[in-house]
Amino acid sequence: MLVAVVESGTGKAAGVAGYTVAGKTGTAQKIDPATGKYSRALYTSSFIGFFPAENPRITLLVVLDEPRKGYYGSDVAAPVFARLAKDMLARLGVQPDRAIAAESVRNPPPAR
């Protein structure tokens, strides 16, 4: 289900080409300290995910407290997650899992 969030749901902007990413967006209204009620202007936005989804190497949480340009986790936190994930995968030398999966379909192992 968490892979579907990234492939076709609210977390599309968290995707990294060649890798399966699983995760969840989050958007929460903050309490206005002056009124003690939910604010219509103050939010916390987030995206949490792990990758590669089938054999996770990294779990990453991005939290933005009171973002200025937009406030939905899908719009502000997911793109940050994708940029960080891409950099982390490159630094760790993690091979793309989608290419490996595609190769195994083209050249299946011999039957026993």
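The structure places CD1 of Ile31 at 11.0 Å from NZ of Lys37, a figure rounded to the nearest 0.5 Å. Between atom OG1 of residue Thr59 and atom CD1 of residue Ile48 there is a gap of 7.0 Å, rounded to the nearest 0.5 Å.
Members clustered with Val80: Val6, Val16, Tyr19, Val21, Phe47, Phe51, Ile58, Leu60, Val62, Leu64, Val76, Phe81, Leu84, Met88, Leu89, Leu92, Val94, by chain and number, using a 4.5 Å side-chain heavy-atom cutoff among hydrophobic residues.
Shortest non-hydrogen contact noted between Glu66 and Lys30 is OE2-NZ, 2.8 Å. Closest approach of Ser46 and Ala77 over heavy atoms only: C-CB, 3.5 Å. Here the closest heavy-atom approach between residue Ala13 and residue Ala82 is recorded as O-CB, 3.3 Å.
With hydrogens and angles ignored, the 3.5 Å screen pairs a side-chain donor or acceptor of Thr20 with a backbone N or O of Ala53.
No more than 12 heavy atoms of other residues, nucleotides or ligands lie within 6.0 Å of CD in Glu54, so this atom counts as exposed by the packing criterion.
By the 4.5 Å heavy-atom criterion applied to side chains, Tyr43 and Thr27 are counted as neighbours.
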